[in-house]
Amino acid sequence: MGLFGRNREPATVTIRPSGRSFPATGKDSLLNEALAAGIPFPHSCTVGTCGTCKSKLVSGKVREITDAAITLSSEELADRYILPCQSLARGAVELHVADLVDMPDHPLVHTSAVLSGTRALTHDILEVVVRVDEPFAYTAGQYAELRVPGISGPRSYSFARGAADRAKDELVFYIRRTPGGEFTEWLFAEDRSGTALEVAGPFGNLWLRPSGAPALCVAGGSGLAPIKAILEAAADEGAQRETIVVFGARTARDLYCVEEIEAAAAAMAGSCRFVPVLSEEDPGSDWSGARGLVTDVVAALPADVLSACEVYACGPPPMVDALEAQLGALRADGVFHADRFLDKKTQRRS
Ligand code: FES
């Protein structure tokens with residue numbers, strides 16, 4: 001008998017056309033249960049907004065956690081498409097997933113942890129170090145969910161370290177203060193070292209695909225964390241590709257980790273150019289670097305780089321959307337991987 005029968009045994013979720021299957025308890029999302037079983041299920045946001053996990057429900061029933069109509073079209077809903085990151089199995093389920101992606105091979109881990117320390121990177125960004133109780137593997141560019149008891153809902157943050165020799169029980173995140181945000185107001189109020197928390201992950205599909213094409217890595221604000229991790233991993237792996245890193249911030253006081261990025265860029269086997277760009281810096285300041293938006297820097301890149309590059313971007317949705325539109329207008333297609341960090345009020349990544 002399946003999940004909701006007398007024995008309460010997990011039901012089976014079968015993925016077509018691959019034929020792969022995993023047990024579903026119905027207590028967690030189909031996506032999380034697939035990832036826990038080591039299935040490389042396509043996903044990005046995990047909160048029902050990006051549509052990356054969209055799959056067709058071939059048979060069986062699910063219960064939606066949030067309304068899929070926010071993300072799926074009426075045609076898709078009529079065609080029985082669902083969002084597995086926002087759906088719980090109600091018994092045996094069959095899904096059609098066109099591509100089980102070539103995701104990094106890390107099983108989903110839920111572990112207890114302790115916040116072991118913080119360091120101010122800017123006036124509103126903290127480096128937060130978390131020591132986990134279970135070994136926790138991830139690929140540079142991915143993210144984890146942090147949950148602090150007594151504070152509603154998990155918060156998602158990208159891993160900031162990508163070097164292969166990083167301690168496997170230590171995770172580092174860059175967290176920007178969100179005025180009025182429950183979690184960050186708590187975090188920034190005083191030294192929270194020693195606080196117990198829970199960590200789940202890894203999630204996300206922002207990781208550097210092996211390729212000889214130029215890589216254009218674009219970060220905004222605290223979106224620098226996954227881009228820095230990607231660079232460190234690429235330097236460690238001896239990646240032989242041209243890389244351009246653009247880091248957008250408002251003013252010089254919003255820049256951070258510049259020396260670390262420069263060190264990773266210098267350690268790359270291929271050429272790597274780092275361009276910090278400021279959008280609101282005082283015109284009279286002594287800043288001699290680029291001014292404007294990240295899209296201004298991208299617009300000035302050579303046409304052959306723009307047409308061939310693979311893009312890896314992380315930052316606020318307006319920045320990522322503008323970049324995607326800009327590149328979409330310049331080329332018919334091209335690799336574009338992005339992680340938009342979003343605030344809790346819109347139930348998205350923060
Ligand atoms: Fe499911 Fe984004 S909508 S992963």
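If you're wondering where the values come from, they're calculated on a predicted model, not measured in any experiment.
Of the N and O atoms on the side chains of Arg161 and Tyr138, not one donor lies less than 3.5 Å from an acceptor on the other residue. Remark: the Ser307 side chain and the Asp304 side chain contain no N/O donor-acceptor pair separated by less than 3.5 Å. Ser152 and Glu182 share a side-chain donor-acceptor pair at under 3.5 Å. Counting only N and O atoms by type, the side chains of Ser112 and Asp133 include a donor and acceptor under 3.5 Å apart. In the model, Glu127 has no side-chain atom that pairs as donor or acceptor with a side-chain atom of Thr118 under 3.5 Å. Side chain to side chain, Thr139 and His106 meet the donor-acceptor criterion of an N or O pair below 3.5 Å.
Comment: Arg340 engages Glu324 in a salt bridge, judged by a side-chain N to carboxylate O separation of less than 4.0 angstrom. Electrostatic pairing of Arg291 and Asp296 does not count as a salt bridge here, judged by no charged N lying under 4.0 Å from a carboxylate O.
Asp67 places a side-chain N or O within 3.5 Å of a backbone atom of Ala69 that can act as its donor or acceptor partner. In this structure a side-chain-to-backbone donor-acceptor pair under 3.5 Å is missing from Tyr157 to Val172. In this structure, the side chain of Tyr81 does not engage the main chain of Glu75 through any donor-acceptor pair within 3.5 Å. Checked by atom type and distance alone, the side chain of Thr184 pairs as donor or acceptor with a backbone atom of Thr178 at under 3.5 Å. When atom types are taken as modelled, the side chain of Glu94 and the backbone of Ser59 share no donor-acceptor pair closer than 3.5 angstrom. Checking side-chain atoms of Thr71 against main-chain N and O of Gly48 turns up a donor-acceptor pair under 3.5 Å.
Listed by chain and residue number, Thr295, Val298, Ala299, Leu323, Leu330 satisfy the side chain to side chain contact (heavy atoms under 4.5 Å, CB included) test with Gln326 (two or more places apart in sequence, or in another chain). Partners of Ser21 by side chain to side chain contact (heavy atoms under 4.5 Å, CB included), not counting sequence neighbours, listed by chain and number: Thr12, Thr14. When the ring pair (Phe, Tyr, Trp, His ring centres under 6.0 Å) test is applied to Phe41, no partner is found at least two apart in sequence or on another chain.
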For Met319 and Val294, run side chain to side chain contact (heavy atoms under 4.5 Å, CB included): C-alpha distance rounded to whole Å, both residues' side-chain angles, the deciding distance at 0.1 Å, then the answer.
CA-CA 8 Å; Met319 183 206 86; Val294 295; 3.6 Å; yes

Apply the test side chain to side chain donor-acceptor pair (under 3.5 Å) to residues Ser29 and Gln86: give CA-CA distance (whole Å), side-chain angles for both, the deciding distance (0.1 Å), then the verdict.
CA-CA 6 Å; Ser29 70; Gln86 296 298 298; over 6 Å; no

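The line from CZ of Phe22 to CD1 of Ile39 is 6.5 Å long, rounded to the nearest 0.5 Å. Rounded to the nearest 0.5 Å, atoms CZ (Phe173) and CG (Leu171) are 4.5 Å apart. Note that the CD atom of Glu145 and the CG atom of Leu108 stand 8.5 Å from one another [nearest 0.5 Å]. One distance of note links CG of Leu187 with OG1 of Thr195; it measures 8.5 Å at 0.5 Å rounding. Atom CZ in Phe183 sits 11.5 Å away from atom CZ in Arg147 (nearest 0.5 Å). Summarising the geometry, atom NE2 belonging to His43 is positioned 6.5 Å from atom CZ belonging to Phe203; distances are rounded to the nearest 0.5 Å.
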Show the atom names and distances, to 0.1 Å, of all donor-acceptor pairs under 3.5 Å that link a side chain in residues 214-230 to residues at least two apart or in another chain.
from   : atom 1 : to     : atom 2 : distance (Å)
Lys228 : NZ     : Ala160 : O      : 3.0
Lys228 : NZ     : Tyr174 : OH     : 3.3
Lys228 : NZ     : Glu232 : OE2    : 3.0

Tell me which donor-acceptor pairs under 3.5 Å the side chains of residues 269-280 have, and how far apart each pair is, sequence neighbours excluded?
none

Name each donor-acceptor pair under 3.5 Å that joins a side chain in residues 309-318 to protein atoms two or more places apart or in another chain, with its distance.
from   : atom 1 : to     : atom 2 : distance (Å)
Glu310 : OE1    : Arg241 : NH2    : 3.0
Glu310 : OE1    : Tyr312 : OH     : 2.9
Glu310 : OE2    : Ser211 : OG     : 3.2
Tyr312 : OH     : Arg209 : N      : 3.1

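Hydrophobic clustering, with ILVMFWY side chains joined whenever heavy atoms are under 4.5 angstrom apart, groups Ile82 together with Leu35. Phe136 and Leu206 are assigned to two separate hydrophobic clusters, defined by single-linkage of ILVMFWY side chains at heavy-atom distances under 4.5 Å.
Here the shortest heavy-atom pairing between Leu95 and Val58 reads C-CG2, 3.9 Å.
Annotation for Lys168: atom NZ counts as buried by contact number, over 12 foreign heavy atoms lying within 6.0 Å.
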